[in-house]
Protein chains: 2
Amino acid sequence: MNTTIKEIARKANVSLGTVDRVIHDRGKVAKKTKDKILKILEETGYKPNIYARGLVLNKSYTIAALIPDYNKGDYWELPSLGLNSAAQHLSQYNIKLEYFHFDQNNPDCFKEKSHVLLRSNPDGVIIAPVVNFEASYLCKKLNHLKIPFSFIDSKMEETEYMSFIGQDSFQSGKLAAKLINSLVYEKGKILIISIRNNSEFNKTLQKRIEGFNYFFEELDSAQKLEIEEFSIDQNISNWDKELKEILKSRNASGVYVPSSTVYHVARIIEDSQLKIKLVGNDLIKKNIQYIASGIIDYVIGQRPEQQGYLAFDNFYKYLITGQKVTRDNYLPLDIVTKENLYYYK
Amino acid sequence: MNTTIKEIARKANVSLGTVDRVIHDRGKVAKKTKDKILKILEETGYKPNIYARGLVLNKSYTIAALIPDYNKGDYWELPSLGLNSAAQHLSQYNIKLEYFHFDQNNPDCFKEKSHVLLRSNPDGVIIAPVVNFEASYLCKKLNHLKIPFSFIDSKMEETEYMSFIGQDSFQSGKLAAKLINSLVYEKGKILIISIRNNSEFNKTLQKRIEGFNYFFEELDSAQKLEIEEFSIDQNISNWDKELKEILKSRNASGVYVPSSTVYHVARIIEDSQLKIKLVGNDLIKKNIQYIASGIIDYVIGQRPEQQGYLAFDNFYKYLITGQKVTRDNYLPLDIVTKENLYYYK
DNA sequence: TTGTAGGCGTTATCAA
DNA sequence: TTGATAACGCCTACAA
């Protein structure tokens with residue numbers, strides 16, 4: 001049994017109200033009585049009963065999530081699953097989730113949705129800062145309104161975010177390089193193929209490629225492999241054909257696709273029966289079948305569902321239980337392959 | 001705002017007491033009124049307010065954990081860390097953890113601790129069923145006393161456990177085989193070395209080895225590798241010397257140690273500057289340094305801290321929030337290597 | 001500056 | 001078979 005305000009009051013020979021005033025530092029209390037109460041509080045290690053507290057406050061919180069729009073099977077479906085799951089688990093605590101989806105290819109859309117979000121006056125905001133400049137403006141606004149916000153997937157260093165949940169992209173690329181290197185037995189040519197579905201500069205992609213190259217730069221020159229880099233924009237017509245052409249002509253032993261779109265390469269490898277080792281990112285549905293069949297050799301996962309779950313859970317912790325929240329949360333780089341695929345699904 | 005009993009009562013034109021009787025299925029309620037109330041309950045999707053519930057019940061729960069004794073840095077330290085962490089997070093809900101440690105090498109000790117545990121009359125029990133026969137007796141007792149219990153690390157199929165949290169050992173072995181296979185470039189001799197610190201038959205170890213062998217049996221005969229199996233008992237004097245002898249004489253290209261004791265092999269490989277690829281299990285402290293230096297090429301992790309956390313959290317869910325609990329929880333087989341080590345620590 | 005009372009939603013008890 | 005009510009611990013508003 002924990003100590004209650006009642007007991008504290010009795011011990012200090014004052015009323016409940018006075019103890020309450022001391023605990024919450026509100027209103028006038030004589031210095032003498034205040035000190036006396038503080039001492040007892042300290043001694044007894046008073047902790048408020050969260051049930052009673054939750055019951056009387058009965059506050060309802062809304063967390064707004066500003067994340068990219070997606071089709072079924074896309075990467076951004078996964079963080080949403082995690083967010084939903086957390087929201088459901090914590091629904092009994094009167095904390096709920098509201099989505100504001102934006103089109104990744106359209107910065108104006110992000111801007112517009114930011115405004116709608118702000119008008120809804122949420123108690124916390126989860127942001128996927130895919131459109132950097134516009135996000136920066138939003139963060140300033142939120143800061144001014146004293147609304148706490150978190151980043152998911154990637155972060156903007158210069159802002160006062162409450163927490164970040166994501167992965168280390170540079171290291172992800174390095175790891176991919178190691179895996180490819182072991183697959184091609186340290187000989188042969190390697191291709192890095194970026195397949196983007198938006199024309200924007202993408203920090204995550206860039207960092208993964210840097211990490212990938214870094215790994216090979218660090219190797220002895222004897223073990224070095226030839227590496228060629230390609231970039232495919234899915235908004236260009238015939239991108240599919242171009243991709244096929246590259247894969248068929250370059251005589252590569254391994255390919256790295258630094259994004260979830262690796263399934264496109266897998267499809268071509270399967271159709272054309274090429275003997276190319278393949279490493280990519282993210283455990284999305286479209287990749288899973290190719291991992292199961294062994295065409296994609298390894299995928300590096302970043303636990304997107306957990307990212308979503310944690311992002312929401314952090315607000316529960318912060319707003320409701322009053323716990324401290326870890327600011328930077330780097331999730332593990334999971335190596336997923338045929339043999340352990342099942343346990344990651 | 002969620003629906004309350006009050007509202008339900010008003011809608012059904014009955015009193016709070018009657019609604020309460022229906023919800024908890026206690027006491028006499030006319031069939032007609034009962035059906036009416038059930039219908040409204042259904043329609044409104046009534047969920048009890050956990051704060052009010054917690055406040056009035058003000059129950060205190062104790063979860064007993066019966067797990068092996070350990071020294072700092074041993075495997076069993078890790079599940080304990082997770083258990084402690086969960087217990088701390090949930091302490092405000094009046095649920096606490098009590099340990100009953102036993103000596104893995106001594107079935108009598110397990111038996112004795114079981115009795116002490118039962119006498120403490122816990123509200124839930126977490127068991128590491130390392131000593132099978134004795135555990136079976138305990139489970140029957142708990143069943144009879146209607147005390148729910150969970151397994152951690154491995155389970156006993158034939159009992160009525162509430163939940164199990166662990167990994168798939170067979171698949172773990174298979175995965176290890178795949179990694180070794182890629183490391184030795186599909187040629188060379190492979191050793192499986194079991195290093196046990198107790199003389200008992202160990203199900204987990206056995207299953208891993210089966211999985212490992214299975215992987216190679218499935219390969220084309222052209223790719224098959226020669227595999228030799230050894231078993232070292234740490235209770236025998238000179239086991240260290242024997243191990244060294246094996247490693248030096250067999251001209252192996254790869255070694256698999258199906259347990260957390262892989263660091264012993266790593267030490268010898270480092271000291272004797274052998275060129276042997278090495279795969280083992282578990283991210284314990286003694287292994288971490290060898291992963292960081294690349295002497296252990298891969299370790300397969302089973303998230304022991306999370307196992308501990310989940311085991312405790314499941315009791316919180318079950319006893320306090322009344323949620324349903326997933327019965328079998330297989331955690332992912334994490335592949336850990338130099339490049340992603342940091343994010344698993 | 002301090003004390004008191006009412007209420008949050010649920011449970012349990014007692015009276016009708 | 002049903003209804004009314006006190007209690008859990010905390011917070012807030014108002015009275016003293």
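Not measured: the values here are computed from a predicted model. Sequence lines set the chain letters: A, B, ... in the order given, protein chains first and strands last, and positions in each chain run from 1.
- Going from atom CG of A/Asn49 over to atom P of D/dA7 covers 18 Å, rounded to whole Å.
- Residue B/Tyr51 contributes atom OH, which lies 15 Å from atom C1' of D/dC11 at whole-angstrom precision.
- Atom-to-atom, NZ of A/Lys28 to C1' of D/dA16 comes out at 17 Å; the value is rounded to the nearest Å.
- To the nearest angstrom, C1' of D/dC14 lies 11 Å from CZ of A/Arg21.
- Taking the screw axis at each terminus of the helix from C/dT1-D/dA16 to C/dA16-D/dT1 from five consecutive base pairs, the angle between the two is 50° to within rounding of 10 degrees.
- Sorted by first and then second residue, the ring pair (Phe, Tyr, Trp, His ring centres under 6.0 Å) pairs involving residues 28-69 of chain B (not counting sequence neighbours) are A/Tyr93-B/Tyr51.
- Straight-line distance from the NZ atom of A/Lys36 to the C1' atom of C/dT2: 12 Å, rounded to whole Å.
- In this model, a donor atom of one side chain and an acceptor atom of the other lie less than 3.5 Å apart for A/Asp328 and A/Tyr161.
- For the pair B/Thr18 and D/dG3, the criterion of a side-chain N or O lying under 4.0 Å from OP1 or OP2 is met.
- Judged purely by distance below 3.5 Å, without hydrogens or angles, the side chains of A/Ser91 and B/Lys47 pair a donor atom with an acceptor atom.
- Residue contacts for A/Val29: at a heavy-atom cut-off of 4.0 Å it reaches the sugar-phosphate backbone alone, with no base atom in range.
- Distance B/Asp25 CG to D/dT1 C1': 15 Å, rounded to the nearest Å.
- With DNA chain D read from its 5' end, the first of the two nearest nucleotides for B/Leu57 and B/Thr33 is the one closest to B/Thr33.
- No side-chain N or O of A/Tyr316 forms a donor-acceptor pair with one of A/His89 less than 3.5 Å apart.
- As rounded to whole Å, 14 Å separates atom C1' of C/dA12 from atom CD1 of B/Ile23.
- Heavy atoms of A/Leu55 sit under 4.0 angstrom from at least one base atom.
- Summarising the geometry, the separation between CZ on B/Arg26 and P on D/dT2 is reported as 16 Å, rounded to the nearest angstrom.
- Judged as a side chain to side chain donor-acceptor pair (under 3.5 Å), and not counting sequence neighbours, the contacts of B/Asn84 are B/Tyr99.
- In summary, the side chains of A/Tyr318 and A/Asp123 do not present any donor paired with an acceptor at a separation below 3.5 Å, with no hydrogens or angles considered.
- Annotation: cation-pi geometry not satisfied between B/Arg327 and B/Phe164 (NZ/CZ under 6.0 angstrom from ring centroid, within 45° of ring axis).
- Residue B/Gly17 is the one, among B/Gly17 and B/Ala52, whose nearest nucleotide of DNA chain D lies closer to the 5' end (criterion: closest heavy atom).
- The side chain of A/Asp20 lies closest to D/dT12, out of D/dC10, D/dT12, D/dT1.
- For the pair B/Arg53 and D/dC8, the criterion of a side-chain N or O lying under 4.0 Å from OP1 or OP2 is not met.
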